[in-house]
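Written out below as structure tokens is the structure these notes cover.
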Amino acid sequence: MAQESVPAITATNDGYLWLGTRSSLNRFDGVKFTDYGLNDGLPALGLSVLENDNAGGVWIGTGGSGLLHWPPGEVAQMTTKEGLLGNDVYSLASDSPDSVWIGTSKGLQHWTPLGLEEIQLSPEQSTDDEPGYNTIRALAIGPESEVWCSAHNQGLFRIVGNHSEKVSLPEKYSNAEATALLVDRQGVLWAPIGNGIVLRRENETWSELEKEDGVPFNIVTRIAESADGTIWLGSHSTGLYAWRNGRFDSVAGVGSSIRSMCVDANDVLWVGTESQGLFRVAKSRVEFFEVGTGTKVGVLKGLAEESDGTIWAATVGGSLHRGPLSDLQPVDDIPDVSMYPSVRAGLRDDRGFIWFACPQFVVRRDSPGSESRIFRTPDANLTSIVIRSDGTLFVGGRDGKLRRFVSSSFVTAASMDFGSPINCLAGQPDGHLWIGTAGNGIFRWREDGSKHFTTDQGLPVKMVNSILADAAGTTWIGTHGGGLAWLDTEGTIHGFDERDGLPSTVVSSIVENGKDELWLGTAHGIVRLLKSELHRWAQDKSQTPTVFTLNRDDGMPSADCTSGYSPAGLRTQDGLLLFSTPRHIVAVNPTDFSFQSDQPHIRIESMRVGDQTHEAPFPKDIEPGSTPIQFDFTALKTERPKGTRFSYRLRGASDQWREIGNRREVQFDGLAPGDYQFEVRSSNNLGSWGLPSETVNFHVSHFYWQTRWFQLLMLSLAFVVVAAVSATLARNRSMLRREKMESSKAHENAAVYQSQTVHLSRVATLEKLSTSFAHELSQPLSAILTNAESARRLTQRDPVDRAELLETLNDIVIDDQRASEIVQHMRTLLKKHPRTRERLDYQAVIAMAVKAVTAELKSQSIDLVFRPSPPTILGMGDSVQLEQVLINLILNAAHAIGEAKSESRLVTVISEQLGSELLITVADSGPGISPDRAEEVFKPFYSTREDGLGIGLSLCRAIVQAHDGRIWTQPNQPCGAKFMISIPPSIPLDGESQ
């Protein structure tokens, strides 16, 4: 929120809350504020009063700028130029979209679509020398559409139609002025007149409420009514008051200087203050009762109830308290407890005796008013107490021992050591006891034996806070860090924790209500679960249990239910469920809650595309590259809004729902072209998901290179390249035939013949790689066009972002250089050139050859692996001819794999330095070469392929030998062939031998 001063509040029919501050208008959904000011179309500031227009918009009264109307429709302003009596608007009232009553500094007016009409309240007219004489302080609309009006220095008026009638106040208040007005649901008029007086008019009869009735001795600035009939008074400087049980009571936790109030559709009271911000006053869903004051304050632990309903509360540090929930008083008649005021757990047995466990003794009160008895348990440090089904009392302590009450004393019940302090005890109908420990799991114990359950048996953690054994045979276990666990009748342990919807992994207490309900006291509130749903979920994880949670938003003074003792919770005889928090008893009445599904309405507020934000209606067609796309949405539920969870899905990208907690926006980057539908849904107060209440359909267009016409163009270009290469190949084949016929001139033309043959081999190889070169060339061309279009858009901005434009132009230069390199590489391989020796990096030459054939092998589903070691080997040589050798060998290997139809489709290129030589290996997983043909394959015109010329490997050997190297073949393991090349890495410039 923009400011802490909130002079105006209203709620509109769509569920939003609107706040007026000195500098802006704010829309609030219970979680998020949206601020509107002069830059958003608001024509004036200084907002003094807001009123719902009953059509989704807001009437706004200002101090000095007249009356404003905020959308729907265009923003409108009415001042004295448009016929308004005064530009200071103090009060507004509306009960339909076509009517608003306007209280100004100079009288009352009624607006309808026909225009403004002044309402004459009395024969006297205000004059310029009587400022404020006709100021309308307050307005209210009654059940029959009558309007009540409080006018400064004139009194109270009732307007029916457009005719006014003065209403006399009680004689002794005849000159008083109502500072606020309310007509409640019963038709009773409430009129506070200040300094401890509120007048009520019912059936044309006045009554008065005074300080004795709780009315504050202060100016009442605002008055409102909740759905349950509670009347709220907001005072100028003493805070908020509520009319309950025939009197006004002060409400704690709200700012003192109240300037505005509003009850919204969720029956939540909103209070705006002068300098303390905004307060939410929701109906408490629980009751709480403080335990201990002054020196009698401690951490609340155990609870017990007498047969007459009297409650006992045990505290650590604050002793015992006893009485009705609303008036618990310290118990001072037990000297031992007064001296050692640390009391942990309590219960009432079948005889009506009340038992409490203290660190080193147990207290028993046999009947109300009787003296308490003390039973010593030295060094036990007791924490828990239970009555077994046979009536025997047991206690557990921090020393890890279990004790039984026998003949007015406690004796050790079990010879075994439970391995950890005992935190809790619970009984089963068959006489077994359940023993929960602080670090060693749980035990099922009876005198004839015991069974131990820990994490090895499926318990989520070893620390246990509470246990409940129900009549159906299931044992429910509250853990410290592992959530809720249960041992079913088949002996299997199941778990339910935060990952499954539980608000906390610390379960302090478990209280059973009826056969199916479990109420848990946790570190983050009180939780209701159904046993039947938990059992069903244990078998089918798609059947998510309903989790109902109460916490501070529901009126709990603290969401932390205390633990470390048992029993921890209590179900009273009249059905109340009691839970202990550090300082208070929290009472829950299960019958107060409706567990029906009530899905909040979801509204998609905005759609941001790139740097532009759109409100409904949202754009349907999205230009390519317009990212990110973001949706902002909300659930219009102001009661416990942070408990609402959201999930979304984007059809066209995924049909899966994705949960995002309470986050109210979602963003998408890099959406592919296509049609999409955005959906969002929310969970209700029970945690179940509703149907999407709003959806947005949109289409993301294609980039030009993603369109079919561009793809066809690139395919055509590839065909042209292939045709050109094929024509060149045909011409060179013809040339080769002629050269073969002229073999008699071989000696004098040997160098020319070899050069042409090498060139021919390269051209033949390039025919196979033409598609790969076309694909590689299309990428930088597409990038150049994209950056050029971006640069053109940047030049159209005002001002031009020179830095971004320069960066885009640099990208164009880089992509152009990349395309040039691809074309130059292809030209180099195609053209004839004399053999040259230059300084080169052999590993870089090998990498270029691997890169040239990668796409071709990928199209044949053949894996190509290159293993260079070390990364750089320098030497002298002809890079073009060496690259030709490697391309030839790799394509031969791919052809061999294709003919063999091998399941293993792998070509491996390895380059390594062995001593003073470079060793290159090209290995395949094809059929291999028999040893007796290992030399024959290098002979000219020898080929195993019908379309082969038989010159590839012979040229490879000639080129390698020209580099003072050698080439040979040998079998590959487990299948295939290896072609090995050995070249001295360093050759002098004048070292040509051929």
Please assess Tyr16 against Phe28 for the test ring pair (Phe, Tyr, Trp, His ring centres under 6.0 Å), listing each intermediate value before the final yes or no. CA-CA 6 Å; Tyr16 283 111; Phe28 185 47; 9.7 Å; no

Validation row: Phe646, Arg664 side chains within 4.5 angstrom (heavy atoms): yes

Compare all side-chain heavy atoms of Val215 with those of Glu210 and state whether any distance is below 4.5 angstrom. no

Any chance you could measure Ile231, atom CD1, to Arg200, atom CZ, to the nearest 0.5 Å? 8.0 Å

Do Asn54 and Ser96 meet the criterion of a side-chain donor-acceptor pair at a distance under 3.5 Å? no

Side chain to side chain contact (heavy atoms under 4.5 Å, CB included) evaluation trace for Leu139 with Val147: CA-CA 7 Å; Leu139 292 168; Val147 177; 4.2 Å; yes

Okay, side chain of Arg185, backbone of Ser226: is any donor-acceptor separation there less than 3.5 Å? yes

Distance-only polar pair, side chains of Ser94 and Trp101, donor-acceptor under 3.5 Å: no

How far apart are the C-alpha atoms of Ser24 and Asp35, what are their side-chain angles, what is the distance that settles it, and do they pass the side-chain hydrogen bond (donor to acceptor under 3.5 Å, both in side chains) test? CA-CA 7 Å; Ser24 64; Asp35 184 75; 2.6 Å; yes

Output the distance between atom CG (Leu636) and atom CG (Asp29), rounded to the nearest 0.5 Å. 7.0 Å

Using a distance-only test with no angle check, is there a side-chain donor-acceptor pair under 3.5 angstrom linking Thr549 and Asn551? no

Side-chain donor/acceptor of Ser105 to backbone N/O of Gly86, under 3.5 Å: no

Quick one: does Leu269's side chain get under 4.5 Å of Phe279's, heavy atoms only? no

Would you find a donor on one side and an acceptor on the other, under 3.5 Å apart, between the side chain of Trp232 and the backbone of Met261? no

Using modelled atom types and a 3.5 Å cut-off, is there a donor and acceptor pairing between side-chain atoms of Gln109 and backbone atoms of Gly83? yes

Determine yes or no for a side-chain-to-main-chain donor-acceptor pair under 3.5 angstrom, with Ser48 supplying the side chain and Gly61 the backbone. yes

May I ask you to test the Val281-Val271 pair for a side-chain heavy-atom distance under 4.5 Å? yes

Decide, yes or no, whether a salt bridge links Glu605 with Lys32 under the criterion of side-chain N to carboxylate O below 4.0 Å. yes

Return yes when atom CG of Asp327 has more than 12 non-hydrogen atoms of other residues, nucleotides or ligands closer than 6.0 Å, and no otherwise. yes

Please examine the side chains of Leu45 and Leu38, heavy atoms only from C-beta on, and report whether any two atoms are closer than 4.5 Å. yes

Closer than 4.0 angstrom, basic N to acidic O: yes or no for Arg247 and Asp249? yes

Just by distance, do the side chain of Arg285 and the backbone of Asp592 share a donor-acceptor pair under 3.5 Å? no

Okay, side chain of Glu82, backbone of Thr79: is any donor-acceptor separation there less than 3.5 Å? yes

May I have the list of side-chain donor-acceptor pairs in residues 155-162 shorter than 3.5 Å, sequence neighbours left out?
unit_1: Arg158; atom_1: NH2; unit_2: Glu165; atom_2: OE1; d: 3.2
unit_1: Asn162; atom_1: OD1; unit_2: His110; atom_2: ND1; d: 3.3
unit_1: Asn162; atom_1: ND2; unit_2: Glu117; atom_2: OE1; d: 2.6
unit_1: Asn162; atom_1: ND2; unit_2: Glu117; atom_2: OE2; d: 3.4

For Ile141, does the CD1 atom sit with more than 12 other heavy atoms under 6.0 Å from it, leaving out its own atoms? yes

Check whether any side-chain heavy atom of Leu85 sits under 4.5 Å from a side-chain heavy atom of Leu116, and report yes or no. no

Salt bridge between Glu290 and Arg583, side-chain N to carboxylate O under 4.0 Å? yes

When you compare the side chains of Asp560 and Ser558, does any donor N or O come within less than 3.5 Å of an acceptor on the partner? no

Do Asn52 and Thr12 pair up side chain to side chain, a donor and an acceptor below 3.5 Å, judged on atom types alone? no

Once you measure the plane-to-plane angle for Trp70 and Tyr36, does it fall in the parallel (<30°), tilted (30-60°) or perpendicular (>60°) bin? tilted

Please name all residues satisfying salt bridge (charged side-chain N to carboxylate O under 4.0 Å, His left out) with Glu202, sequence neighbours left out, ordered by chain then number. none

Does Ala227 offer a backbone N or O that forms a donor-acceptor pair with the side chain of Asp267 under 3.5 Å? yes

Just by distance, with hydrogens left out, do Ser174 and Glu171 show a side-chain donor and acceptor under 3.5 Å apart? no

From the list Asn662, Thr634, Thr644, side chain to side chain contact (heavy atoms under 4.5 Å, CB included) with Ser682 holds only for Thr644

Taken to the nearest 0.5 Å, the spacing of Ser164 OG from Leu108 CG works out to 8.5 Å

Is the closest side-chain donor-acceptor distance between Asn134 and His152 under 3.5 Å? no

Flag if over 12 foreign heavy atoms under 6.0 Å of CD, Glu287: no

Do the side-chain N and O atoms of Asp184 and Trp190 include a donor-acceptor pair separated by under 3.5 angstrom? yes

Pairwise side-chain contact, Val268 with Val263, heavy-atom cut-off 4.5 Å (strictly under): no

Any side-chain heavy-atom pair from Trp111 and Trp59 closer than 4.5 angstrom? yes

Between Thr205 and Asn203: side-chain donor-acceptor atoms closer than 3.5 Å: no

Using modelled atom types and a 3.5 Å cut-off, is there a donor and acceptor pairing between side-chain atoms of Asn87 and backbone atoms of Thr80? yes

Going by atom types alone, do Asp228 and Thr230 pair a side-chain donor with an acceptor below 3.5 Å? yes

